[in-house]
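To find a chain, count down the sequence lines: A is the first, B the second, and so on, and within it residues start at 1.
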Amino acid sequence: MIAKTYSPNDIEAKWYQYWLDNKLFTSTPDEREPYTIVIPPPNVTGVLHMGHMLNSTIQDVLVRKARMEGKNACWVPGTDHASIATEAKVVAMLKERGIAKTDLSRDEFLAYAWEWKEKYGGIILQQLRKIGASCDWDRTRFTMDPALYESVIDVFVDLYNKGQIYRGVRMVNWDPQGKTAVSDEEVITKEVQQKLYYLKYEVVGSQESIVDSQEPMDNSGATIDSRLSTPDSIVIATVRPETIMADAAVAVNPNDERYNHLHGKTVRIPLINREIPIILDEYVTMDFGTGGLKVTPAHDPNDYELGIRHNLPVIDLLNDDGTLNEKAQILVGMDRFAARKAIVKLLDESGNLVKTEEYTSNVGFSERTNAVIEPKLSLQWFLKMEDLAKPALKAVMEDVVQLVPPKFKNMYRSWMEAPRDWCISRQLWWGQQIPAFYMQDGTIIVAKNKREALRKVQHEKLLFAMTEADLTQDEDVLDTWFSSWLWPISVFDGIRNPDNAEINYYYPTNDLVTAPEILFFWVARMIIAGYEYRGQEPFRNVYLTGIVRDKQGRKMSKSLGNSPDPLDLIDQYGADGVRTGMLFSSPAGNDLPFDEKLCEQGRNFCNKIWNAYRLVSGWTIKEKEEGKNESGSSELAVRWFKAKLNTTLLEIEDHFSKFRISDALQSTYKLIWDDFCSQYLELIKPAYNTETGTSEPIDRETYDTTINFFERLMALAHPFMPFITEEIWQEIRERKPGESLCVAKYPTPRPGQPDAAVLADFEVLFEIISSIRNIRNSKQIGPKVALPLSIRTSSPGRFGVLEVMIQKMANVSEIAYVSEKPDNATSFLIKGDEFYVDLADELDVAVEVANAEKDLDYQTGFRDSVMKKLSNEKFVANANPDVVERERQKVADADAKIAALQETLRRLRGE
RNA sequence: GGGGGUUUAGCUCAGUUGGUUCAGAGCAUCUCGUUUACACCGAGAGGGUCGGCGGUUCGAGCCCGUCAAUCCCCACCA
């Protein structure tokens with residue numbers, strides 16, 4: 001006997017192992033059509049969160065479906081080395097052991113990092129197995145695998161040789177915690193409540209200034225607080241008072257008449273009294289703050305530009321870790337934020353702090369470490385993006401690469417039309433070390449390795465005396481995205497070995513499933529690399545998932561602690577339950593407000609399927625000679641379900657073709673729960689024999705057909721819920737060893753028109769049944785009390801076999817065709833046919849009259865509104881003839897109902 | 001500051017070229033039911049001026065304009 005409730009935990013591990021043992025997920029090139037997905041490689045240090053859960057489930061649904069459709073499905077798993085994040089974790093781990101990174105050599109540090117990676121890395125890949133992900137694990141790749149590492153190096157060398165990569169001093173985003181530069185895309189700007197400090201700078205030679213200031217200042221029409229500006233000083237506004245020691249000038253707008261008297265003057269920086277010039281530049285906004293701007297070229301990108309224009313010195317007063325260096329002269333060694341507090345106090349004491357205002361402004365944060373980004377001037381490597389981006393922009397605009405949903409095309413375009421150069425160097429050790437080698441005179445040799453670099457020096461520069469010892473490799477590593485942008489190519493070794501059988505077979509891949517957050521970071525760059533290195537797009541479709549949010553709409557994150565552990569959820573609801581739960585409300589590109597209720601619904605669905613199987617498996621089958629179901633009702637039910645299945649399959653296929661995964665699941669869910677369980681199974685269910693206490697046997701034909709239906713339904717649901725469907729599919733009939741639903745045929749709609757007649761008949765049938773049940777409910781009559789039904793129709797006997805079903809489903813004792821309404825009967829109307837249910841007790845005439853009147857009102861109103869439409873000449877003239885015809889039909893239907901209702905009313909009133 | 005999305009039932013969302021009784025689904029709520037697969041269930045019910053206003057049209061949830069709310073992206077006026 002099968003258990004009453006489905007227990008996922010018992011079977012999930014069993015089937016997953018079975019799939020692995022039978023190598024059902026492995027793929028090698030063959031003559032079949034390939035279907036390829038590369039996983040967005042999760043951070044190697046990562047653990048599974050709800051975003052992965054959603055993303056991986058969608059990929060698995062697509063891959064499993066393709067596999068069942070007979071394609072050579074290949075889902076490549078792997079992880080990303082995530083340089084900053086991983087290095088930070090390793091540094092933290094070392095710190096716990098009392099080891100500082102600075103005490104280690106690069107090689108020693110990397111040894112620790114690899115040790116750490118081997119130990120903790122890739123947990124997430126194990127977790128993916130728990131959710132049923134059908135990855136080809138033999139293909140697991142890591143962005144630092146030798147082959148992938150080498151691919152990255154090759155690409156760097158190649159792009160350098162093509163003149164696309166250059167090295168230069170630029171203002172970059174500095175992460176003082178990670179102590180590395182990060183790209184513009186890795187900076188998240190957030191609005192932060194800050195303070196705007198108004199600081200007074202003394203004008204040098206202020207005695208003269210007083211004399212000059214005989215000219216009345218009021219002429220300028222200045223609206224600024226008189227305290228803020230005096231003839232012998234200028235007040236500037238800043239949110240970063242700790243950088244004043246690095247000021248190179250104070251700028252005012254040349255058109256700002258308030259400051260005419262200061263042109264050509266110099267001022268003194270408070271506290272340190274260094275003298276700096278007043279410069280004129282139209283960049284300065286006159287109506288912000290005081291109209292005076294402190295210019296700090298080392299610590300602000302705009303100031304840096306100003307500095308270049310005015311030939312100002314660059315004074316960098318920050319160390320790499322964000323503390324003040326000796327150039328600051330004061331507060332040396334203090335962290336920038338502590339220094340800010342301290343200097344405000346000092347400025348206040350010295351009388352230079354004029355006032356403080358609350359101020360909201362945008363501050364950049366490091367995506368990886370969440371540290372406040374410091375604009376910093378440094379020597380970095382850059383990749384020119386302008387030309388590379390062109391084919392990638394075109395591909396998306398012309399839908400060669402299709403973004404799903406397409407609304408993201410706008411975003412993509414705005415970024416790709418004017419891409420900024422990509423800062424690809426990082427001041428870290430964990431990653432691909434930049435293959436640039438420096439000669440002692442600073443000459444740069446870019447080559448695959450030192451030996452190659454030396455060979456180049458010797459052969460191209462004819463410096464045969466050079467040795468490897470004379471070359472030093474660049475200390476920096478490459479941005480992690482500089483390796484992941486090659487992912488769809490490098491996992492098939494298509495960079496090093498561009499004509500190999502694998503890349504030629506699997507590339508371009510089919511679908512990419514990822515989050516919109518990394519559309520620029522990753523997706524766009526993969527497309528760029530795809531065109532540059534394969535001359536072809538890396539994938540056809542990009543399905544962009546939403547962000548998983550909690551009930552309050554917050555993004556689920558580890559730091560907020562509002563994300564449930566997916567593995568806990570799986571324990572609780574089963575992998576299939578969680579998978580379907582995730583998909584129930586996740587249209588592409590829309591955020592997913594996650595609610596555990598959805599997992600519960602998923603679990604309930606599993607249980608429903610389980611019990612449906614329990615029901616069917618408990619049936620006994622009639623001996624052959626006993627024949628089939630006498631009334632033919634089962635045959636008709638079969639005919640109906642076939643038609644229903646067919647139309648639903650078409651619907652599901654349509655949803656899938658549009659990547660409407662949620663809708664495809666919804667259709668599957670309804671087909672199984674409502675159509676198959678609630679209707680079909682109830683219709684064919686054998687009667688219960690009260691004497692024997694068992695159900696009657698079912699005829700062989702109906703039974704076999706039902707089992708076939710079940711099998712097809714399991715196949716249909718398998719991409720969504722692989723475990724329970726495999727379990728039942730294996731139970732349903734004897735299978736050969738190694739056979740699996742994973743590679744069974746996915747149901748396809750039968751060709752030809754669906755059986756419209758039977759579908760229409762059953763719609764009427766279900767309406768009759770629910771009307772009778774409704775009467776039962778409203779009259780509080782229990783389901784065990786059988787009720788007689790009378791029908792008055794213009795075509796007697798038209799219900800034929802359906803009568804048996806009405807009797808069974810609505811517990812009707814007998815059906816009679818009548819020409820007069822029986823006494824004591826309550827009635828309902830369906831398409832002009834009138835149905836009467838004889839109630840044993842007295843009929844409440846008043847209630848019946850009220851109901852009939854209400855219905856009559858509605859029908860008359862409805863008829864009138866349609867008539868009004870039809871009497872409008874413009875409507876009849878302009879509307880589609882079909883539409884007009886339908887409207888006429890509506891009137892006819894309404895007329896019939898109205899006539900019937902009027903008659904009912906007459907009778908009820910005894911007229 | 002620019003660009004885009006969203007706004008439909010208490011909640012989360014469907015609603016495909018404007019036209020069938022088009023105002024929908026799931027969840028939640030309420031009523032009834034220990035029926036013989038399933039209470040992780042069954043049978044029913046209530047609930048919305050489709051964000052506001054204006055326009056186009058014979059006809060608007062759908063098209064256009066405008067306003068409002070909200071979210072996202074880009075842009076670092078200190």
Side-chain angles (χ1 to χ4, degrees), chain A residues 2 4-6 184 187 189 196 236-240 251 283-285 287-290 292-296 300-303 359 361-364 373 375 405 407-408 410-411 414-415 418 516 519-520 547 551 553 573 577 584-585 587 589-593 595 597-598 600-601 603-619 654 658 660 662-663 666 669-670 677-678 681-682 685-690 693-695 769-770 773-774 776-778 780-784 811 858 862 866 869 872-880 882-887 889-890 893-894:
Chain A
I2 306 171
K4 198 170 170 181
T5 47
Y6 169 61
D184 294 333
V187 178
T189 51
L196 190 60
I236 56 91
T238 181
V239 292
R240 303 202 55 190
Y283 164 77
V284 183
T285 316
D287 54 11
F288 184 89
T290 64
L293 168 71
K294 80 188 210 41
V295 183
T296 322
D300 183 282
N302 295 307
D303 290 13
Y359 183 68
S361 72
N362 291 327
V363 176
I373 289 296
K407 67 177 178 186
F408 289 107
N410 277 327
M411 265 167 65
S414 70
W415 193 69
L519 188 57
F520 304 147
I547 296 166
K551 278 194 216 168
Y573 302 105
F584 270 131
S585 83
N590 277 13
D591 287 358
L592 180 134
D595 187 341
K597 269 265 153 56
L598 293 169
E600 209 175 298
Q601 199 185 339
R603 176 203 59 186
N604 294 356
F605 184 35
C606 290
N607 199 50
K608 185 72 186 178
I609 293 174
W610 185 254
N611 274 288
Y613 179 64
R614 238 181 112 220
L615 171 70
V616 174
S617 68
W619 286 338
D654 183 53
K658 294 172 182 153
R660 304 173 68 141
S662 193
D663 290 338
Q666 204 57 254
Y669 180 85
K670 282 183 160 173
C677 295
S678 299
L681 288 181
E682 292 299 332
K685 190 165 153 182
Y688 185 77
N689 187 325
T690 36
T694 56
S695 63
I769 292 167
S770 91
R773 286 171 174 171
N774 205 345
R776 217 181 256 289
N777 258 315
S778 63
Q780 307 273 339
I781 300 166
K784 282 180 177 167
N811 196 12
Y858 174 81
F862 175 69
V866 179
K869 205 189 260 189
N872 182 333
E873 284 171 28
K874 286 182 179 170
F875 170 72
V876 182
N878 297 333
N880 201 312
D882 295 358
V883 176
V884 179
E885 187 43 47
R886 266 181 248 143
E887 296 298 314
Q889 188 56 48
K890 279 195 234 170
D893 287 353

Quiz item: Is any side-chain heavy atom of I236(A) less than 4.5 Å from a side-chain heavy atom of L293(A)?
Solution: no
Practice problem: Could you tell me whether S617(A) contacts a base, only the sugar-phosphate backbone, or nothing, with contacts defined as non-hydrogen atoms closer than 4.0 Å? | Solution: nothing
Quiz item: Which nucleotide sits closest to the side chain of K874(A): C38(B), C27(B), C58(B)?
Solution: C58(B)
Practice problem: In whole angstrom, give the distance that lies between atom CD1 of I373(A) and atom P of C76(B). | Solution: 15 Å
Exercise. In whole angstrom, give me the gap between the C1' atoms of C76(B) and C67(B).
Key: 31 Å
Quiz item: With sugar-phosphate meaning primed atoms plus P, OP1 and OP2, does Q780(A) contact a base, only sugar-phosphate, or nothing at under 4.0 Å between heavy atoms?
Solution: sugar-phosphate
Self-check item: Nucleotide nearest Y669(A) (side chain, heavy atoms from C-beta), chosen from C27(B), A43(B), U35(B)
Solution: C27(B)
Self-check item: RNA chain B base-pair string [pairs: Watson-Crick or G-U under 3.5 Å; |: paired with another strand]
Solution: (((((((..((((.....[....)))).(((((.......))))).....(((((..]....))))))))))))....
Practice problem: When you get a sec, tell me which of A43(B), C76(B), U36(B) is the closest nucleotide to the side chain of P375(A)? | Solution: C76(B)
Practice problem: Would you check if N611(A) and N607(A) make a side-chain contact, meaning some heavy-atom pair closer than 4.5 Å? | Solution: yes
Quiz item: Between the side-chain atoms of E682(A) and the base atoms of A37(B), is any donor-acceptor pair under 3.5 Å?
Solution: yes
Practice problem: Could you check S778(A) against C677(A) and say which one's nearest nucleotide on RNA chain B is further toward the 5' end? | Solution: C677(A)
Quiz item: At under 4.0 Å between heavy atoms, what does K685(A) touch on the DNA or RNA strands: base, sugar-phosphate, or nothing?
Solution: base
Quiz item: So, is R773(A) close to the G44(B) phosphate, meaning a side-chain N or O under 4.0 Å from OP1 or OP2?
Solution: yes
Self-check item: Distance in angstrom units between W610(A) CH2 and C38(B) C1', rounded
Solution: 12 Å
Practice problem: Please state whether the phosphate of G15(B), meaning OP1 or OP2, lies under 4.0 angstrom from any side-chain nitrogen or oxygen of R660(A). | Solution: yes
Practice problem: Please measure how far the P atom in G42(B) lies from the corresponding atom in G4(B), and state the result in whole Å. | Solution: 47 Å
Practice problem: Tell me, please, which residues at least two apart from P301(A) pass side chain to side chain contact (heavy atoms under 4.5 Å, CB included). | Solution: M171(A), P375(A)
Self-check item: Whole angstrom value for the distance that separates C1' of C72(B) from CG of N410(A)
Solution: 13 Å
Exercise. Tell me which nucleotide among G26(B), C77(B), C38(B) gets nearest to the side chain of Q601(A).
Key: G26(B)
Self-check item: Spacing of the P atoms in G51(B) and U16(B) (rounded, Å)
Solution: 14 Å
Quiz item: Just how far, in rounded Å, is C1' of A39(B) from OH of Y6(A)?
Solution: 20 Å
Quiz prompt | base_contact_polar (C38(B) base, K608(A) side chain, donor-acceptor, <3.5 Å) | solution = yes
Self-check item: Sugar-phosphate only, base, or nothing, as touched by T238(A) at under 4.0 Å among non-hydrogen atoms
Solution: sugar-phosphate
Practice problem: Output the single nucleotide from C74(B), A78(B), A37(B) whose closest atom is nearest the side chain of F520(A). | Solution: C74(B)
Quiz item: Looking at the side chain of N777(A), which of C76(B), C40(B), G44(B) is the nearest nucleotide?
Solution: G44(B)
Exercise. Quote, to the nearest angstrom, the C1' distance that separates G10(B) from U29(B).
Key: 8 Å
Exercise. Using atom CZ of R240(A) as one end and atom C1' of C76(B) as the other, report the distance to the nearest whole Å.
Key: 12 Å
Practice problem: Take D300(A) and K658(A), find for each the nucleotide of RNA chain B with the closest heavy atom, and name the residue whose nucleotide sits nearer the 5' end. | Solution: K658(A)
Quiz prompt | Beyond-backbone contact of V363(A) with T189(A), side-chain heavy atoms, under 4.5 angstrom | solution = no
Self-check item: Under 3.5 Å donor-acceptor pair, R603(A) side-chain atoms to C40(B) base atoms
Solution: yes
Self-check item: Rounded P spacing from A25(B) to G59(B) in Å
Solution: 29 Å
Exercise. May I ask you to decide if the ring planes of Y6(A) and W610(A) are parallel, tilted or perpendicular, using 30° and 60° as cut-offs?
Key: tilted
Quiz item: Does a side-chain N or O from Y359(A) land closer than 4.0 Å to OP1 or OP2 of A78(B), or not?
Solution: yes
Self-check item: C1' spacing across the pair A23(B) / A9(B), given as an integer number of angstrom
Solution: 10 Å
Quiz item: If only side-chain N and O atoms of K670(A) are considered, is one of them under 4.0 Å from the OP1 or OP2 phosphate oxygen of G26(B)?
Solution: no
Practice problem: Provide, to the nearest angstrom, the distance between the CD atom belonging to Q666(A) and the P atom belonging to U16(B). | Solution: 17 Å
Quiz item: If you measure from the P atom in G19(B) to the same atom in A60(B), how many Å do you get, rounded?
Solution: 11 Å
Quiz item: Do F605(A) and I609(A) touch side chain to side chain, with heavy atoms closer than 4.5 Å?
Solution: yes
Quiz item: Choosing from C41(B), G19(B), C76(B), which nucleotide comes nearest the side chain of F875(A)?
Solution: G19(B)
Quiz item: When you measure from the side chain of V239(A), which nucleotide among A78(B), A25(B), G42(B) comes out closest?
Solution: A78(B)
Quiz prompt | Separation of the C1' atoms in U7(B) and C53(B), to the nearest angstrom | solution = 16 Å
Quiz item: Heavy atoms, side chains only, cut-off 4.5 Å: are R614(A) and K4(A) in contact?
Solution: yes
Quiz item: Taking the side chain of N302(A) as heavy atoms from C-beta outward, which of U31(B), C76(B), A78(B) is closest to it?
Solution: C76(B)
Quiz item: Does the side chain of N604(A) get closer than 4.0 angstrom to OP1 or OP2 of C41(B) through an N or O atom?
Solution: yes
Quiz item: Would you call K597(A) and E600(A) a salt bridge, taking side-chain N to carboxylate O under 4.0 Å as the test?
Solution: no
Self-check item: Closest to the K597(A) side chain, choosing from U16(B), G44(B), C27(B)
Solution: C27(B)
